[in-house]
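Both backbone and side-chain heavy atoms feed into the values below; hydrogens, waters and symmetry mates do not. Within every chain, numbering begins at 1; the chains are lettered A, B, ... in the order of the sequence lines, protein sequences first and strands thereafter.
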2 protein chains.
Amino acid sequence: MAKKEPASVSMLVLALLKGREMYGYQIIEELDRRSEHVFQMKEGTLYPVLHGLEKDRLVTAREAVTDKGRTRRYYAVTEKGLRVLEEKEKEWQTFSRAVTAILAGA
Amino acid sequence: MAKKEPASVSMLVLALLKGREMYGYQIIEELDRRSEHVFQMKEGTLYPVLHGLEKDRLVTAREAVTDKGRTRRYYAVTEKGLRVLEEKEKEWQTFSRAVTAILAGA
DNA sequence: TAGTATACCTAGATGTCCTATGTATGTCAA
DNA sequence: TTGACATACATAGGACATCTAGGTATACTA
């Protein structure tokens, strides 16, 4: 309906990965924490999104094993991913401002 | 993924109807105008939404014929609709604030 | 040793919105 | 006067994002 609504999940994931690499489960926890429990993403949502981002080369993945023997897949955002993130952020600002204007009864 | 994302189209429509009654085609034009061309809603999106809102008693409709002979369906928001709108607005604020926090790298 | 947390994964359903199309009338220019 | 475009309504079918529900496996804790 809008010119283009920012696909929120992938945008949020890219934003989280901007600072440092993270593994899937951690992304879910961080989103929950930083959003003060507004975003409670399901694993069934996140993992397919991560695979998509990897396929599109917006993130890279590396496998690592903890001292306790757990295997994790760490994701890091690529240059391309950062550019896409910037684009999505702009779209979000536009979208958000427009909604606010309508709600305010401009 | 979020606690609940506000269904944007119905929220925006209710918000537009808050001030005065409007007919479908006019809603599309007003959305475009007030959002500065960010929201270019399609008729195929709006009309089913209006029918749904009517069915849920969030709006009422009345038919009117212009002096030129055109038939229009004017929609007005109900008390129930106003309550739902308020709810959706709160959800939007919560959602929007959370996204901003994540993007800011909180 | 049973339950919970961690950590990954996929298939299929759902819901929102879009594309495409249809009907009918009004207006304006060629 | 006719052909193009705007107005005004409508629906069917598809695309896409996210959710539900399930699965596997290991580690910790009561």
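One atom, CD of B/E54, and another, P of D/dA10, lie 9 Å apart when rounded to the nearest Å. The CG atom of A/L12 sits 13 Å away from the C1' atom of D/dT18 (whole-angstrom rounding). Residue A/Y23 contributes atom OH, which lies 7 Å from atom P of C/dC8 at whole-angstrom precision. Residue A/Y25 contributes atom OH, which lies 12 Å from atom C1' of D/dA27 at whole-angstrom precision. A straight line from CD1 of A/I28 to C1' of C/dT6 spans 11 Å, rounded to a whole angstrom. As rounded to whole Å, 12 Å separates atom P of D/dA27 from atom CZ of A/R72. Here the P atom of nucleotide D/dA10 and the CG atom of B/L46 are 9 Å apart, to the nearest Å. A straight line from CG of B/D32 to C1' of D/dT7 spans 15 Å, rounded to a whole angstrom.
Looking only at side-chain heavy atoms (C-beta outward), A/V59 and A/L14 come within less than 4.5 Å of each other. Side-chain contact check for A/Y25 versus A/E29: some heavy-atom pair is nearer than 4.5 Å. Taking 4.5 Å as the limit, every side-chain heavy atom of B/T78 sits out of range of all side-chain heavy atoms of B/L82. Residues B/F95 and A/S35 have side chains not in contact (no heavy-atom distance under 4.5 Å, counting atoms from C-beta outward). Side-chain contact check for B/V49 versus B/M41: every heavy-atom pair is 4.5 Å or farther apart. Counting heavy atoms from C-beta outward, B/D32 and B/F39 have side chains that stay 4.5 Å or more apart. Within the 4.5 Å cutoff, the side chain of B/M11 has heavy atoms near those of the A/V99 side chain. B/V77 has its side chain out of reach of B/L85: every pair of non-hydrogen atoms, C-beta onward, lies at least 4.5 Å apart.
Residue pairs meeting the side chain to side chain donor-acceptor pair (under 3.5 Å) criterion with at least one partner in residues 52-61 of chain A, sequence neighbours excluded, are A/E54-A/R73.
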Give me, pair by pair, the N or O atoms of the protein and of nucleotides 14-16 of chain D that are less than 3.5 Å apart, along with how far apart they are.
none

Protein N or O to nucleotides 10-14 of chain C N or O, pairs below 3.5 Å:
residue	atom	partner	partner atom	Å
C/dT10	OP2	A/H51	ND1	3.2

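Residues satisfying the side-chain contact (heavy atoms from CB on, under 4.5 Å) criterion with A/R83, sequence neighbours excluded, are A/E79, A/K80. For the salt bridge (charged side-chain N to carboxylate O under 4.0 Å, His left out) test, residues two or more places apart in sequence or in another chain that qualify with A/R62 are A/E21.
Scanning residues 59-71 of chain A for heavy-atom distances under 4.0 Å to DNA chain D yields A/K68, A/R70.
Between D/dT7, C/dT19, C/dC8, one nucleotide has an atom nearer to the side chain of B/K42 than all others, and that is C/dT19. Taking every side-chain heavy atom of B/Y75 into account, D/dA10 is the closest of D/dT18, D/dA8, D/dA10.
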